[in-house]
Asker: 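The structure follows.
Not measured: the values here are computed from a predicted model. Residue numbers begin at 1 in each chain, while the letters A, B, ... track the order of the sequences.
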Number of protein chains: 2
Amino acid sequence: MEKQTTIKDIAIALNISTSTVSRALRDAPDVKAETKAAVKALSDKLDYQPNRLALSLLNRQTNTIGVIIPNLDYVLATMVKGIDEVALEAGYTVMVCQSDESYGREIVNTKRLLESLVDGFIVSVSSETKIFEHIKKIQDKKIPLVLFDRIVNNIAAPKIRLDNIDGGVQATEHLIEQGYKKIAILAGPENLNISNKRMEGYLQTLKANGLRADKGHIIHCDFNQQYAYEATKELLASKNRPDAIFTISDRMAIGAMLAIKEKGLSMPHDIGLVGFNNEPIVSLVTPAISSVEMYAFEIGKATARAYIEMMSGAAGMSNQEIIIKPKLFIRTSSKRR
Amino acid sequence: MEKQTTIKDIAIALNISTSTVSRALRDAPDVKAETKAAVKALSDKLDYQPNRLALSLLNRQTNTIGVIIPNLDYVLATMVKGIDEVALEAGYTVMVCQSDESYGREIVNTKRLLESLVDGFIVSVSSETKIFEHIKKIQDKKIPLVLFDRIVNNIAAPKIRLDNIDGGVQATEHLIEQGYKKIAILAGPENLNISNKRMEGYLQTLKANGLRADKGHIIHCDFNQQYAYEATKELLASKNRPDAIFTISDRMAIGAMLAIKEKGLSMPHDIGLVGFNNEPIVSLVTPAISSVEMYAFEIGKATARAYIEMMSGAAGMSNQEIIIKPKLFIRTSSKRR
DNA sequence: AGCGTTGCCGGTAACGTTATCGGAAATTAT
DNA sequence: ATAATTTCCGATAACGTTACCGGCAACGCT
């Protein structure tokens, strides 16, 4: 707050020019060893810290990555951890902004970071976001952009995401193998790509196995576990009661589990249950819930790596799509054979 | 990446000076309406964004808060959300850096942010941090600092934290009221203040009720649920088996629950269980786990408010300590009367 | 002795913005 | 018509840093 020590302070104190101080600090070859020593000693004593703002202004780069995410739930926090780890290693600073699943806040965040605070973006869009002008604006300004997890299809950028369809396939195939016939799905919000892809895998697999999805067995609801609980209660009360439920998040799986227990049904006997994300919690409840691991930490790391690659490879963004394969972890909630 | 539109571009295009453009954009009174209109039109067209770096350099303030946290678990993520909400509202940008519970990374993060990137700090120290020179350095430079959650005692700064002792008291009193006599505690890492305070409340309450804490009933272990599971198994196998367990986090409570069930004991009959944090998950497992709510979101908001107050009140930091009262939520796992 | 070379350092401009001052032109008052 | 005021705008410096250029010594070479 007061006044940071600057290169000028050192220069005046030693009665030399700022240029020389600057060179001395960077260990340039054309500075006398003696001078260097004096500069370094004083800089240590005054606890000099270079002013990154001045540097960034000069070089037109901040070495900062703007990360925009919809929230900080388990999966995204894990991904951010992955991004952070790789970015820090490579000398980047990360600026995380949550949009809180709000389109408006996503725009505000983008705008702020665009004020020359970052030299690139890593974005996962909010579930509310249906218009992508703010994302396109980033690209119009030729600012590097990487999309991850909740990607946007009609934007050309490197994308790192889970193979969500495959996740849906693995979960559904497993349930069918276990002999379940009437498999319901608790899908997420309607316009959410990841949710729809998981459902696509579910539908594909049903079809491939000659099963038909009852329309009443496809429920769109928010990620919230409360909604999942309510939705499951309705499902279980319906005429055509499902004998298995696939939820596209673990939160929802736990909500579903609660409703199932309340109804007095047993897992995996009466009803099979498979969740998504493989959060630590699923193996700690009873019965332990089968879940699709999405390797969030790996996705985070891959995302940061793609970003770094894009920054170094001046040769235009490659727009590759990295697709991580999920893996179903089978537990008690769905294993009846 | 290419080149952002600057005030200069607009000035040249309209054949006026940069000063005039600057004033026009800020709606200064001494600019002709006509000129203003022209400037604004062109600035919109070119999608001009002011360069915050230049501004920050000039004003010696960034309007950015550096938030340093040990990790992004449920509690801290919630607190960050609270900070974020208040800070955004007040026009601040937040830079979140995780130290990943590492002393080294905490120092690196502090150092980076000190390079004039932020004009104040909000810090929760890592569990590994025992030396606080890096924190003191912040204060030596007269840079505003607020501590929250995992605070540091011998540093004078505004502090916002939970009344951890009271949390321990509430949990323990409740267990005693329910008739439990041999109450064990799964405490966190030894040098972690919040963990010790919760234990202090536990010890106080035992003493006040004429109970003695068996040394074997006080277990220090990492926050990790796996450790809690192992530790509980040992507890249950010991000669002097406890009839209740108080864990200082919900993660640990769930680990404990798992061990209890495995042993074939029932809650709340054979064993009472109380956790800490009141994470959503505790009400979704069976039995639902009693837990101490710590109002993480409120703590986050109060922290940001304290920061803002400190920034505005030029009259020295007040160094007040805001202490949030926790509240025990009683659920099945410990209610046997 | 004169020349080129090397070692070391200082001055200047630039990054994008705004505060401050000063001044020309236009308007009003006398 | 002249003075006084207002309206509007431009030039400059500054924030902290480094790249670039240039220059003065001192040294070595012929």
Side-chain angles (χ1 to χ4, degrees), chain A residues 1-40 42-43 46-64 112-119 141 143, chain B residues 1-40 42-43 46-64 112 114-119 141:
Chain A
M1 203 64 181
E2 288 290 89
K3 188 179 168 299
Q4 294 278 69
T5 321
T6 74
I7 230 171
K8 201 172 170 184
D9 298 327
I10 300 179
I12 293 175
L14 296 179
N15 202 25
I16 55 181
S17 78
T18 57
S19 318
T20 305
V21 176
S22 170
R23 273 173 304 208
L25 288 172
R26 279 171 300 128
D27 236 346
D30 57 346
V31 177
K32 221 194 316 182
E34 199 184 331
T35 314
K36 274 185 196 174
V39 169
K40 282 177 185 168
L42 189 58
S43 114
L46 299 180
D47 194 34
Y48 166 77
Q49 304 273 144
N51 186 323
R52 268 255 279 263
L53 294 179
L55 267 171
S56 297
L57 185 59
L58 197 55
N59 303 329
R60 282 197 216 78
Q61 62 165 334
T62 60
N63 284 320
T64 301
R112 283 222 187 150
L113 295 186
L114 265 178
E115 295 174 345
S116 314
L117 289 179
V118 302
D119 33 43
K141 290 179 182 280
I143 293 174
Chain B
M1 204 62 183
E2 287 290 90
K3 185 178 170 302
Q4 295 278 67
T5 321
T6 74
I7 230 171
K8 202 171 170 184
D9 299 327
I10 300 179
I12 293 176
L14 295 179
N15 201 26
I16 55 180
S17 77
T18 56
S19 318
T20 306
V21 176
S22 170
R23 273 174 302 208
L25 288 172
R26 277 172 301 128
D27 236 346
D30 57 347
V31 178
K32 221 195 316 182
E34 198 183 331
T35 313
K36 274 185 195 173
V39 168
K40 282 177 185 168
L42 190 58
S43 113
L46 298 180
D47 195 34
Y48 166 77
Q49 304 272 143
N51 187 322
R52 268 255 280 262
L53 295 179
L55 266 172
S56 297
L57 185 58
L58 196 57
N59 302 330
R60 282 197 217 78
Q61 64 166 331
T62 60
N63 284 319
T64 301
R112 285 221 186 152
L114 264 179
E115 296 175 345
S116 314
L117 288 179
V118 302
D119 33 42
K141 291 180 182 278

Asker: Would you give the length of the straight line joining atom CG of B/Leu57 to atom CZ of A/Arg52, rounded to the nearest 0.5 angstrom?
Answerer: 14.0 Å

Asker: Please report the distance, rounded to the nearest Å, between CD1 in A/Ile12 and P in C/dG11.
Answerer: 12 Å

Asker: So what does A/Thr6 touch, heavy atoms closer than 4.0 Å: a base, only the sugar-phosphate, or nothing?
Answerer: sugar-phosphate

Asker: Say you draw a straight line from CG of B/Leu114 to CG of A/Asn51; how long is it, rounded to the nearest 0.5 Å?
Answerer: 11.5 Å

Asker: Using whole Å, what does the distance between atom P of nucleotide D/dC24 and atom CD1 of A/Ile16 come to?
Answerer: 20 Å

Asker: To the nearest Å, how far apart are A/Leu57 CG and C/dT18 P?
Answerer: 13 Å

Asker: Give every residue pair that meets the side-chain hydrogen bond (donor to acceptor under 3.5 Å, both in side chains) criterion with at least one member in residues 29-39 of chain A, sequence neighbours excluded.
Answerer: A/Asp27-A/Lys36

Asker: Enter the distance from B/Leu46:CG to B/Ile10:CD1 here, rounded to the nearest 0.5 Å.
Answerer: 6.0 Å

Asker: Could you measure the distance from the OG1 atom of A/Thr6 to the CD atom of A/Gln49? Nearest 0.5 Å is fine.
Answerer: 13.0 Å

Asker: Between P on D/dC8 and CG on B/Leu14, what's the gap in Å once rounded to a whole number?
Answerer: 17 Å

Asker: For A/Arg26 and A/Ser22, run side-chain hydrogen bond (donor to acceptor under 3.5 Å, both in side chains): C-alpha distance rounded to whole Å, both residues' side-chain angles, the deciding distance at 0.1 Å, then the answer.
Answerer: CA-CA 6 Å; A/Arg26 279 171 300 128; A/Ser22 170; 2.9 Å; yes

Asker: Can you tell me the distance, in whole Å, between the CD atom of B/Gln4 and the C1' atom of C/dC15?
Answerer: 13 Å

Asker: Taking atom types as they are modelled, is there a donor-acceptor pair under 3.5 Å from the base of D/dA11 to the side chain of B/Ser17?
Answerer: no

Asker: What contact category does A/Leu58 fall into here, base, sugar-phosphate, or nothing, at under 4.0 angstrom with non-hydrogen atoms?
Answerer: base

Asker: What's the angle between the local helix axes at either end of the helix from C/dA1-D/dT30 to C/dT30-D/dA1, using five pairs per end and rounding to 10 degrees?
Answerer: 60°

Asker: Under 4.0 Å from any atom of DNA chain D, heavy atoms only: list the residues of residues 22-36 of chain A that qualify, in numerical order.
Answerer: A/Ser22, A/Arg23, A/Arg26

Asker: For B/Asp119 and D/dC15, what is the distance between atoms CG and P respectively, to the nearest whole Å?
Answerer: 18 Å

Asker: Could you give the distance from CG (A/Leu25) to OG1 (A/Thr20), rounded to the nearest 0.5 Å?
Answerer: 10.5 Å

Asker: Whole Å only: how far is the CG atom of B/Asp9 from the C1' atom of C/dC15?
Answerer: 13 Å

Asker: Taking OP1 and OP2 of D/dG10, is either one under 4.0 Å from a side-chain nitrogen or oxygen of B/Ser19?
Answerer: no

Asker: Any chance you could measure A/Ile12, atom CD1, to A/Asp9, atom CG, to the nearest 0.5 Å?
Answerer: 6.5 Å

Asker: Is there a donor-acceptor contact under 3.5 Å from the side chain of B/Thr62 to the main chain of B/Ser56?
Answerer: no

Asker: To the nearest Å, give me how far apart NZ (B/Lys8) and P (C/dA13) are.
Answerer: 13 Å

Asker: Which nucleotide sits closest to the side chain of A/Ile7: C/dG10, D/dT17, C/dT17?
Answerer: D/dT17

